[in-house]
Amino acid sequence: MASKNTAKKSLKLAPVLDLNEATALHERLLSLKGSPVAIDASAVERIGTLCAQVLIAGARSWEEDRVSFTFAKVSDAFVKTTQLIGVDIAPLMAKEI
């Protein structure tokens with residue numbers, strides 16, 4: 001039986017997640033499809049609504065595939081902006097075991 005690679009991959013987000021970054025973010029997420037992903041948003045200084053939508057769509061897609069999609073690290077700016085636009089990432093935060 002072939003073993004499936006289930007190593008968690010990390011995706012470090014750019015400091016500025018604006019309209020110009022949305023397509024690149026989408027492509028980077030697609031390249032990780034099927035693998036568990038830990039998002040590193042620790043360097044994010046600004047995030048626009050479109051990039052937040054890309055991340056939430058990614059989280060839903062991973063959930064449908066029953067594959068782990070978590071935020072391992074987040075900056076204060078990331079948290080504040082997502083809260084301001086009505087996105088709750090708390091359920092996606094990595095849990096301590």
Side-chain angles (χ1 to χ4, degrees):
M1 183 157 113
S3 69
K4 186 176 179 182
N5 183 3
T6 58
K8 189 172 269 195
K9 308 223 173 165
S10 180
L11 175 60
K12 185 161 180 71
L13 300 180
V16 178
L17 297 171
D18 57 10
L19 180 62
N20 297 323
E21 185 66 21
T23 299
L25 176 59
H26 180 251
E27 290 170 357
R28 289 169 61 200
L29 279 174
L30 281 179
S31 74
L32 299 172
K33 186 90 168 112
S35 299
V37 175
I39 305 293
D40 179 352
S42 60
V44 174
E45 297 167 6
R46 290 183 308 187
I47 179 169
T49 306
L50 188 56
C51 283
Q53 289 174 329
V54 169
L55 289 168
I56 294 306
R60 287 187 179 159
S61 179
W62 263 251
E63 181 181 24
E64 287 174 5
D65 292 345
R66 298 180 191 263
V67 180
S68 174
F69 185 101
T70 57
F71 286 88
K73 302 174 190 172
V74 293
S75 67
D76 287 339
F78 182 86
V79 171
K80 287 177 184 175
T81 304
T82 55
Q83 289 174 342
L84 182 65
I85 61 176
V87 175
D88 181 14
I89 63 160
L92 300 173
M93 292 300 297
K95 309 285 188 283
E96 300 255 348
I97 297 176

- prompt: Quick one: does L55's side chain get under 4.5 Å of V87's, heavy atoms only?
  reply: no
statement: What one should report as the nearest heavy-atom pair of A14 and L17 is O-CG, 3.7 Å
Output side-chain donor-acceptor pairs under 3.5 Å for residues 37-47, partner residues at least two apart or in another chain, one line each.
| unit_1 | atom_1 | unit_2 | atom_2 | d |
| --- | --- | --- | --- | --- |
| D40 | OD1 | S42 | N | 2.9 |
| D40 | OD1 | S42 | OG | 2.6 |

All side-chain contact (heavy atoms from CB on, under 4.5 Å) counterparts of T49, not counting sequence neighbours: Q53, I85
- line: Separation between CZ (F69) and NZ (K33), nearest 0.5 Å, reads 10.0 Å
L50 with L11, same ILVMFWY side-chain cluster at under 4.5 Å: no
message: If the condition is side-chain contact (heavy atoms from CB on, under 4.5 Å), which residues does N20 pass it with, not counting sequence neighbours?
response: D18
field: Check: T82 side chain, F78 main-chain N or O, donor-acceptor pair, under 3.5 Å
entry: yes
message: To the nearest 0.5 Å, what is the distance between NE2 on H26 and OG on S31?
response: 10.5 Å
message: Would the distance check show the side chain of R28 and the main-chain N or O of K12 forming a donor-acceptor pair, the cut-off being under 3.5 Å?
response: yes
query: At what distance, to the nearest 0.5 angstrom, does CH2 of W62 lie from CG of L32?
result: 6.0 Å
query: Would V79 and V16 show up in the same hydrophobic cluster when neighbours are defined by side-chain heavy atoms closer than 4.5 Å?
result: no
Residue pair E21 / C51: nearest heavy atoms and the distance that separates them: C-SG, 4.1 Å
